[in-house]
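Report on the structure given below.
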Amino acid sequence: MNYLLAYQPAETVNVTVESSQVWEVLLGISGYTYAQLRHTFELDEQWKTWKNTMSPELLLSLKEIQEANLWYGMLLLQNHWSAISIQDFLNALDQESHQTLYEVLLPYHNQKTEADRKDTVLNYTDKACFTRYAEFFKGHDYLEGYVRLLGEWAIEDILSLMKTVTKEWHDFIRTQPVWEKWMQALRFEEKENQRLNRDQPVDEIQRVTGGAEYLPEPSVWHVKLVPHVSYRPWVLSLRTVDTKLLFYPVNEEYLTESGQPSSVLIRGHKALGDELRLKLLLTLVQGQLSLQELSGQFQISKTTLHHQLSILKSAGFVSVEKGVYRANTDTIQRFSGKLNEYLGLKG
């Protein structure tokens, strides 16, 4: 049997780079309140210093954001609005309908549970709907509690906290000497990546982000790449119904002045400046191991090991997949070359 097929152009995911002061403010709030991973962020020491000059109101707001994980919802809202200025973001919080706010704030789980999510949005005054939907996130580090909170708190209280912490953090961070330098770096990053090869979206995502791997997902038609300073050196990912967000660290070259060591060198030497971490790295160079196996071999608690491994991960020396850790030998070898390059020594 012969078939006559009409030509249909192949559809591919649309990739864009989006940067703004709003993203950096919200990611700063997110990073500062990410207690489990904050010790691995480049800005952690700076934040500790800045804390002494923050107002009591800001510190209280940050504490509440951390306990409620509302930073997650703030990132979802900015993805929805793409606000250019802080005032635009604050105005949008006041102008959006409650149902639309819940539609954006309630996290996507998967296609099978999408009907449950939509039902929860339609019945946003019913706490029981949120309790049922939260069950789909059982065991997640923060999303189960976040969904329950959306049902327990009045939307007015949620919006009030979001507005307060956004304004307070912005008022504080923009007075820091590094702020304008960050904004220049982010603007330059966005300008450099305005023209993307639409026919090779996966390759372009990896190129722009400096190596982040993206696997196409069902129903995702848009990938938004957001450069940042606050989450360096990590890539943060979020998923909505039809969009994947990848927050990637801004190019090191845009932040490093001539003669200054790069954060890669500083972070790497900090990671290697500990006997236990060096022994862990040696062990993983010899073979992949799970956290359970490492704990038994070193006779150390999983919590302590996880903390130490996260520092090695932040330096790029170690990676983990499905609970199994391995050494990134290529990264380790390149690190020695970067040190020789900085010191002006021949490799």
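Fair warning: this is a prediction, and the values are worked out from it, not measured in the lab.
- Residues Tyr32 and Trp169 place their aromatic rings such that the two centres sit under 6.0 Å apart.
- Considering only heavy atoms from C-beta on, Leu276 comes within 4.5 Å of Ile300 through its side chain.
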Candidate pair Asn193 and Arg207, rule side chain to side chain contact (heavy atoms under 4.5 Å, CB included), full reasoning: CA-CA 10 Å; Asn193 292 298; Arg207 179 187 66 80; 3.5 Å; yes
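- Salt bridge annotation for Lys48-Glu45: present, with a cationic side-chain nitrogen under 4.0 angstrom from a carboxylate oxygen.
- Between the side chain of Lys224 and the backbone N or O of Thr243, no donor-acceptor pair lies under 3.5 Å.
- Across all non-hydrogen atoms, the minimal contact from Pro233 to Pro249 is O-CG, 3.8 Å.
- In this structure, Lys167 pairs ionically with Asp171, as a charged nitrogen and a carboxylate oxygen lie closer than 4.0 Å.
- Side-chain atoms of Glu57 and Thr164 include no donor-acceptor pair closer than 3.5 Å.
- Within the 4.5 Å cutoff, the side chain of Ile155 has heavy atoms near those of the Leu105 side chain.
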Please lay out, stage by stage, how Leu309 and Leu294 fare under the test side chain to side chain contact (heavy atoms under 4.5 Å, CB included). CA-CA 10 Å; Leu309 288 166; Leu294 286 167; 3.9 Å; yes
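- Between Met74 and Ile65 the shortest side-chain heavy-atom distance falls below 4.5 Å.
- Contact annotation: the side chain of Ser19 never approaches that of Glu189 to less than 4.5 Å [non-hydrogen atoms, C-beta and beyond].
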Stepwise, does the side chain to side chain contact (heavy atoms under 4.5 Å, CB included) test hold for Glu168 with Phe172? CA-CA 6 Å; Glu168 291 275 350; Phe172 173 80; over 6 Å; no
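- A donor-acceptor contact shorter than 3.5 Å is absent between the side chain of Arg117 and the backbone of Gln111.
- Comment: Glu204 does not engage Arg198 in a salt bridge, judged by the lack of any side-chain N to carboxylate O separation of less than 4.0 angstrom.
- Looking only at atom types and distance, the side chain of Gln95 has no donor-acceptor partner in the side chain of Asn91 under 3.5 Å away.
- Listed by first and then second residue, the ring pair (Phe, Tyr, Trp, His ring centres under 6.0 Å) pairs involving residues 54-87 are Trp71-Tyr142, Tyr72-Tyr142, Tyr72-Tyr146, Trp81-Phe89 (not counting sequence neighbours).
- Across all non-hydrogen atoms, the minimal contact from Val318 to Asn328 is C-ND2, 3.5 Å.
- Among all heavy-atom pairs drawn from Ala271 and Leu312, the shortest one is O-CD2, 4.0 Å.
- Neither side chain, Tyr325 nor Ser290, offers a donor N or O lying under 3.5 Å from an acceptor on the other.
- If you take CD on Gln46 and CD on Gln176, they are separated by 7.0 Å, rounding to the nearest 0.5 Å.
- Transitive grouping of hydrophobic side chains (ILVMFWY, heavy atoms separated by less than 4.5 Å) brings Leu59 and Val25 into a common cluster.
- Comment: Glu42 does not engage Lys270 in a salt bridge, judged by the lack of any side-chain N to carboxylate O separation of less than 4.0 angstrom.
- Within the 3.5 Å criterion, the main-chain N or O of Arg277 finds a donor-acceptor partner in the side chain of Asp274.
- Side-chain contact check for Asn14 versus Thr16: some heavy-atom pair is nearer than 4.5 Å.
- Atom CD of Gln194 sits in a crowded spot, with more than 12 heavy atoms from other residues, nucleotides or ligands closer than 6.0 Å.
- Between Ser219 and Asp242, the side chains place no donor N or O within less than 3.5 Å of an acceptor N or O (distance only, hydrogens not considered).
- Between Asp44 and the choices Lys51, Arg232, Arg38, the salt bridge (Lys or Arg N to Asp or Glu O under 4.0 Å) rule is met once, by Arg38.
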Would you please test Tyr248 and His228 for ring pair (Phe, Tyr, Trp, His ring centres under 6.0 Å) and show each step? CA-CA 6 Å; Tyr248 68 95; His228 66 77; 7.2 Å; no
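- A salt bridge is defined here as a Lys NZ or Arg NE, NH1 or NH2 lying under 4.0 Å from an Asp or Glu carboxylate O, and Glu152 with Arg148 fails to meet this definition.
- With sequence neighbours left out, Ala154 forms a side-chain contact (heavy atoms from CB on, under 4.5 Å) with Glu156, Asp157.
- A side-chain N or O of Thr113 and one of Asn110 form a donor-acceptor pair less than 3.5 Å apart.
- Using modelled atom types, no side-chain atom of Glu144 and backbone atom of Glu135 make a donor-acceptor pair closer than 3.5 Å.
- The two residues Val15 and Pro201 have their closest heavy-atom pair at CG2-CB, 3.7 Å.
- From Leu70, atom CG reaches atom CG of Leu149 across 5.5 Å, with rounding to the nearest 0.5 Å.
- Note: Leu77 CG to Glu96 CD = 8.5 Å, rounded to the nearest 0.5 Å.
- Taking each heavy atom of Ser20 and Ile84 in turn, the nearest pair found is CB-O, 4.1 Å.
- Annotation: the span from Thr166 atom OG1 to Gln87 atom CD amounts to 11.0 Å, rounded to 0.5 Å.
- Rounding to the nearest 0.5 angstrom, the gap separating the CZ atom in Arg326 from the OG atom in Ser319 is 3.5 Å.
- Between the Thr33 side chain and the Ile29 main chain, a donor and an acceptor come within less than 3.5 Å of each other.
- Linking Ile, Leu, Val, Met, Phe, Trp and Tyr residues whenever their side-chain heavy atoms come within less than 4.5 Å places Leu27 and Met162 in a single cluster.
- Within a 6.0 Å sphere centred on CD of Glu275, other residues, nucleotides and ligands contribute 12 heavy atoms or fewer.
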Test log, rule side chain to side chain contact (heavy atoms under 4.5 Å, CB included), inputs Arg132 and Asp116: CA-CA 9 Å; Arg132 286 192 295 271; Asp116 297 272; over 6 Å; no
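- Salt bridge status for Glu192 with Arg187: absent, with no side-chain N to carboxylate O gap under 4.0 Å.
- A donor-acceptor pair under 3.5 Å is absent between the side-chain atoms of Gln78 and the main chain of Val22, judged by distance alone.
- Leu291 and Leu282 are not part of a single hydrophobic cluster, where members link through side-chain heavy atoms under 4.5 Å apart.
- Formation of a donor-acceptor pair under 3.5 Å by the Glu180 side chain with backbone atoms of Pro177 is not found in this model.
- Partner of Phe130 under the ring-ring contact (aromatic ring centres under 6.0 Å, His included) criterion, out of Tyr124, Tyr102, Trp153: Tyr102 alone.
- For residues 284-323, every residue pair satisfying the ring pair (Phe, Tyr, Trp, His ring centres under 6.0 Å) rule, not counting sequence neighbours, is listed here: His39-His307, Phe317-Phe335.
- For the atom pair Gln200 CD and Ile205 CD1, the distance stands at 11.5 Å (nearest 0.5 Å).
- The hydrophobic cluster containing Tyr108 does not contain Val104, counting ILVMFWY residues as joined when their side-chain heavy atoms lie under 4.5 angstrom apart, directly or transitively.
- Following chains of ILVMFWY side-chain contacts shorter than 4.5 Å, one cannot reach Val241 starting from Trp221, and the two form parts of different hydrophobic clusters.
- Donor-acceptor pairing under 3.5 Å is lacking for the side chains of Trp182 and Ser230.
- Of all the heavy atoms in Val17 and Glu190, the pair that sits closest is O-OE2, 3.5 Å.
- Using a 30° and 60° split on the angle between ring planes, Phe136 and Tyr133 fall in the perpendicular class, above 60°.
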